Amino acid sequence: MTYLLYCLACLISYVQLFSSPNTAFASSLEADALLRWKASFQNQTKNNLTSWAYYPKANTIPCNVWTGISCNTAASVNRINLTNSGIQGTLYEFPFLSLPNLEYIDLSLNQLFGAIPSQISSLSKLIYLDLSYNNLSGKIPPEIGLLNNLQVLHLFENQLNGSIPREIGQLKFLNELSLETNNLQGPIPASFGNLSNLEGLYMQENYLTGAIPPSFGNLEHLTTIYLYNNQLSGSLPSEIGNLKSLVELCIDNNNLSGPIPSSLGDLTNLTHLYLYKNNLSGTIPKEIGNLKSIVDLELGQNQLNGSIPTSLGDLSNLEILFLRANKLSGSIPQEMENLTNNFSGYLPQKICQGGSLENFTAHTNHLIGPIPKSLKTCKSLVRVRLEGNQLTGNISEDFGAYPNLQFIDLSHNKLHGELSQLWGQCPQLATLRIAGNNLTGGIPPEISHATQIHELDLSSNSLVGVIPKDFRRLTSLMKLMLNGNQLWGPIPSEFGSLTDFEYLDLSTNKFNESIPGIFGELLQLHYLNLSNNKFSQEIPFQLGKLVHMSQLDLSHNSLEGKIPSEMSSMRSLETLKLSHNNLTGLIPTSFDAMHGLNDIDISYNQLQGPIPNNKAFQNAQMEGNNGLCGNVGGLKPCNHSVEHKHTSRKAFLIIFPILGTLLLAFLAFVLIGRRSRRKQEQEIEQSNMHESFFSISNFDGRKMYGEIMEATNGFDVIHCIGKGGQGSVYKAKLPSGSIVAVKKFHQTLDGEEASRKEFLNEIRALTQIRHRNIVKFLGFCSSAHHSFLVYEYLETGSLAAILSNENEAKKLDWSTRVRIVKGVAHALCYMHHDCSPPIVHRDITSSNILLHCDYEPCVSDFVTAKLLNPDSSNWTALAGTYGYVAPELAYTMKVTEKCDVYSFGVLSLEVIMGKQLGDFVSSFSFPSTTYANILLKDVLDQRLPPPTPQVLDELITIARLSIACRHSHPQSRPTMHMVSKVLSFQPASSSRGPDDTTLEQLIKI
């Protein structure tokens, strides 16, 4: 009871205080000051501050009423949180002097520009300041050093320049300092050594120069140092060994030189040490073995020499070890990535003693001696790269079965022995490379049990026997290299089931019999090398079906017969080698059209007759064919009289019977053509009476209408390539040779004249769009019978179709998918922010994203697009595709750019997940409690191999933005300008994206 009376007394006191005249007056002054700042914004109607307004019948008190404003017990503003509020303006009018009690400011994820005013120093009570993810420029004002109570300072992801002011070193209570991803230059101030309470220091992705101050050794509470991707030089100060609390030290991609200080061995809490891509020299100190907590150790691409210390075997928690690209002696090339490695010494036998090693990379060194025995039982291994050394040992004894292994490269060492059947007991294995060793024996059929293998390279060994028929189980196999062995026998017919093949090299073996025609079924094949074998009989004509083939080598065999004319269908072919065979007859004249050829070798055969009229044949290697002729050096001129005689006789026998048939066909064609032409003229006359034609680009409207009607045979279904709710899409080849896509609407678009006129006005506005990621709009036709849009035709098709096709989806690797997301973001940014008036698409889906042959994305289908008129409400009927439509449209029907932002979020998730999300995506709205249990690695498309560390950083950014774009409140979604800007930033090439990252953690990244 006493406690209740006490609370009641406090409540009464608070109400009295809050309602006192002086308090209300002071609060009203603060409100006035904040409203003056709001009035300076460039986007008055597009921010999230609609609640900021005067109340005429009472004093205006913003506390807990205005969005993002909180107050202390005296009703004075002490907290401003306006993150991601759509603010577009500066800080020049911010009321620094009018808010004396302000303790917390978060203005991140907006569009603030201009400099940070020096008046910020008046906020003497400020504890938290976050201005990240804006467009702020200019120098960091040294007056920030007067904010004596500041604990958190976030200025990252801006365009700040100049040097870092040494006055920041006066902030003795500072706990976290984030200045990354700006244009900051100059040295790191030595005064930072005074920040005794600092725990997190983030200054990566700038242009900082000079040495790391030894005063850093004073920062005993520091847990994280991120200085990567700068231009820091000098040696790594030994004083860093004093930072006993340090967990992450990332100083990669700088110009540091000198040795790695042994004092780093004192950092027993360190889990991540990144020193790669520097100029560090000397040996790896044995004290590194004291880092008992280390998980990821990356020392590659330096000038380290000497042996790998055996103490690394004591790192029981080590998961990733990168020692690649170092150099023993000699001059230092400027191109650090191309360094030749000269590590010498043995691999420590206890390299996997802790049993947690996942990623071990020490390739392209001069390592000698046997493979460590501990690797055989290291079941945690995921990725191993030891190629390009001088390692020895029996491969059948040194490796075991690995349940998690995905990638292993042991190529170009001195390993011997036979392949073990245990490789088939690696269920996750995607890449197995053991090229350039001394392997003997046959290929064990048991390898086929590793059905996830994408790449198998056993080339340049001494393998014997036949290719196991069980290889038919390797349906994921894309690259197979068995060249440079002593394999024999025929190519198994079971190869026909390996339809994902892209690269096949069986050269320099003893394969015999004929080249199987089933190769013609491997439609994805772009490289095929069967040279230096004992193949006989004819070249199978089925090879002509390989339209993606770019390099074909059948040389040095015993092939005979003619060159199949069907091979001229291989329009992607660039290199063709048929030399040293027994080929006879004429070279097909259809080779004239193979304009992609640039390297041809048909020497040492028995070919005869004229060479094709193709530029590539002018420089081809053709010696050893005595019967060839043509106007090329080294060949005799063709005898046209003899040739003409034989040709004339053949022509008479063939052409004369055809002439009679053609005459009859011509008469029938004239009769039918007159009737068809009369009907078409009637249609055009009717359309001229009712509607108009629009001339766009270089097309004449009326002419284009007639050409499209003829090309599609009056929109015959055989020309239809897609259907939707509003119409069908047809492929039309015009007389000019150009191919266009025509979207024909099911019925006349809008019956009323006013609606039709508005729609046509919007079509005219769309003709002004010019962007590489927006499909080119060629024209629009409207008649009494047909209304259709004309676009450029993109052969690759839609993103939705490719993602839904298992084979095609695998071609969209992670880098390509990132490029697709970026392209769509840039297109929407252009529509929303660079078009006047802005254009909202309203139907951003994977079906409406078309792809060029190089998978460059293009936004298409603007029939639902809406021009945002600043003088109207922009209310409209609901449009879009279920699953992509922003939820607010269900009850407001008001179109804004944030509708497209929502759809983009759905699309981006679909791209990285590889499937339409359906009901699953409903759990991805923000905020959501489901994120805690969803791992990023489980969300990514499982059809692709895991992304590289570089690409993983970009995928993390896309996932984070996708979640933000799908915020349930439109004003809390980022703009496409902001999304485009964030995606344009290229992340550092590192391994900072853990596989166990959850979507909940992504929100905080």
Side-chain angles (χ1 to χ4, degrees), residues 294-297 313 315-322 347-363 370-387 391 393-411 415 417-434 443-458 468 470-471 473-479 810 814 933-949 952 991 993-998:
I294 198 75
V295 173
D296 192 346
L297 176 59
L315 302 178
S316 58
N317 292 301
L318 191 63
E319 296 179 2
I320 298 175
L321 176 60
F322 284 178
L347 282 174
Q349 291 299 308
K350 297 182 179 180
I351 197 69
C352 193
Q353 179 172 294
S356 59
L357 187 66
E358 294 182 1
N359 195 330
F360 179 33
T361 298
H363 65 81
I371 299 291
K373 297 296 183 183
S374 59
L375 282 183
K376 185 171 184 177
T377 56
C378 193
K379 303 299 182 183
S380 58
L381 286 174
V382 175
R383 189 176 180 90
V384 177
R385 294 195 65 177
L386 298 175
E387 73 271 20
L391 299 170
N394 190 328
I395 194 167
S396 60
E397 299 175 357
D398 293 339
F399 294 91
Y402 305 98
N404 303 305
L405 188 65
Q406 298 175 8
F407 184 109
I408 185 166
D409 193 341
L410 306 172
S411 301
L415 302 172
E418 298 186 2
L419 285 169
S420 170
Q421 62 182 13
L422 292 179
W423 292 114
Q425 298 180 31
C426 302
Q428 306 298 322
L429 189 59
T431 298
L432 174 60
R433 299 174 183 165
I434 321 180
I443 302 174
E446 289 81 4
I447 283 185
S448 62
H449 297 312
T451 56
Q452 298 302 312
I453 290 183
H454 288 71
E455 179 180 343
L456 177 60
D457 188 355
L458 305 176
D470 288 345
F471 265 36
R473 302 180 57 178
L474 300 177
T475 54
S476 298
L477 198 59
M478 301 170 68
K479 297 183 68 174
K810 294 176 183 178
W814 291 119
N933 300 319
I934 300 177
L935 297 178
L936 173 62
K937 67 176 182 179
D938 295 333
V939 169
L940 299 179
D941 193 344
Q942 301 299 306
R943 295 173 294 187
L944 297 184
T948 62
L952 181 58
S991 307
D995 284 343
D996 58 352
T997 301
T998 66

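We're numbering straight along the sequence, starting at 1. From a predicted model like this one, the values you see are computed outputs, not experimental measurements.
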Between [Y] and [X], is there a side-chain heavy-atom distance shorter than 4.5 Å?
X	Y	result
L321	L315	no
L456	F471	yes
I408	L432	yes
F407	E455	no
F322	D296	no

How long is the span from the [atom1] atom in [X] to the [atom2] atom in [Y], to the nearest 0.5 Å?
X	Y	atom1	atom2	answer
D398	L410	CG	CG	9.5 Å
M478	T431	CE	OG1	10.0 Å
T361	D409	OG1	CG	10.0 Å
I453	L477	CD1	CG	7.5 Å
L405	F399	CG	CZ	9.5 Å
E358	R383	CD	CZ	12.5 Å

For a quick test of reading the model, state the closest non-hydrogen atom pair linking [X] to [Y] and the distance between them.
X	Y	result
I320	L318	O-CD1, 3.5 Å
S476	T451	OG-O, 3.6 Å
I443	P468	O-CG, 3.3 Å
P445	D470	CB-OD2, 3.5 Å
A450	L474	O-CD2, 3.4 Å

Task: Side-chain (Q942) to main-chain (L940) donor-acceptor, under 3.5 angstrom - done: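 Looks like yes, one N/O pair under 3.5 Å.
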Task: K379 side chain vs A401 backbone, donor-acceptor pair below 3.5 Å - done: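 Such a contact is found between K379 side chain and A401 backbone.
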TODO: Would you please test W814 and T948 for side chain to side chain contact (heavy atoms under 4.5 Å, CB included) and show each step?
DONE: CA-CA 9 Å; W814 291 119; T948 62; over 6 Å; no
Task: Step-by-step salt bridge (Lys or Arg N to Asp or Glu O under 4.0 Å) determination, R433 to D457 - done: CA-CA 5 Å; R433 299 174 183 165; D457 188 355; 5.6 Å; no
Check residues 419-428 and write down every donor-acceptor pair under 3.5 Å in which the side-chain atom is one partner and the other belongs to a residue at least two apart or another chain.
from : atom 1 : to   : atom 2 : distance (Å)
S420 : OG     : L422 : N      : 3.0

Task: L415 and its side-chain contact (heavy atoms from CB on, under 4.5 Å) partner, picked from I371, L386, N394 - done: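 The side-chain contact (heavy atoms from CB on, under 4.5 Å) with L415 is passed solely by I371 among I371, L386, N394.
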